[in-house]
Amino acid sequence: MTQRDWQKDMDDVQGYLKNKHLVHHIEQTLRGEPVAVVLQYWLQEAKELQEIVSGRGRELLRHRDLLKGLNDELTATEVRADAAEAREQQLKEAAQKVVDHTEPITYLSAMLSTLYPDTPAPNGEERGNHE
């Protein structure tokens, strides 16, 4: 197989796609897509691979890694925000129950311990009961 210049091939394909309305022939297809479109896709892939191999693609790879990291961070932030919204809703419901309950401090302490299990329940002194 002869060595090809992908840039020249890409220019030829783009010129063909730009001016194909001037040509009166049946367009060739590959799996339902015009061959020129498929060829353009693979020429772009070849260009990126050549840039990666030649070292100029390192920046492209860094950007891809950066975008992946940002996407992972965004996903984690969304998960934390959803959890915070769920806790807020539970707190609103608990607050309403505390208002309606006959022993609000005891009930509130029990409710908070289910929302924040790592937080110890307050003792009598912390609740304001000085017996």
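- Atom CZ in Arg87 sits 11.0 Å away from atom CG in Asp82 (nearest 0.5 Å).
- Taken from CD in Gln50 to CD in Glu48, the straight-line distance is 11.5 Å, to the nearest 0.5 Å.
- Under a hydrophobic-cluster definition in which Ile, Leu, Val, Met, Phe, Trp and Tyr are linked whenever side-chain heavy atoms come within less than 4.5 Å, directly or via other members, Leu43 and Val37 are assigned to the same cluster.
- As a member of the Ile/Leu/Val/Met/Phe/Trp/Tyr network built from side-chain separations under 4.5 Å, Leu70 groups with Leu66.
- Annotation: the span from Leu67 atom CG to Leu74 atom CG amounts to 11.5 Å, rounded to 0.5 Å.
- Atom CD of Glu73 is surrounded by 12 or fewer heavy atoms from other residues, nucleotides or ligands within 6.0 Å.
- With contacts defined as side-chain heavy-atom distances shorter than 4.5 Å, the pair Asn71/Thr75 qualifies.
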Practice task
Would you please test Lys18 and Gln14 for side chain to side chain contact (heavy atoms under 4.5 Å, CB included) and show each step?
Solution key: CA-CA 6 Å; Lys18 184 177 178 181; Gln14 288 175 339; over 6 Å; no
Practice task
Start with the C-alpha gap between Glu93 and Gln89, add the side-chain angles, then the distance that decides, and say whether side chain to side chain contact (heavy atoms under 4.5 Å, CB included) holds.
Solution key: CA-CA 6 Å; Glu93 291 169 5; Gln89 184 59 37; 3.3 Å; yes
Problem - Steps toward side chain to side chain contact (heavy atoms under 4.5 Å, CB included) verdict (Gln40, Gln44) - result: CA-CA 6 Å; Gln40 185 178 30; Gln44 184 63 36; 5.9 Å; no
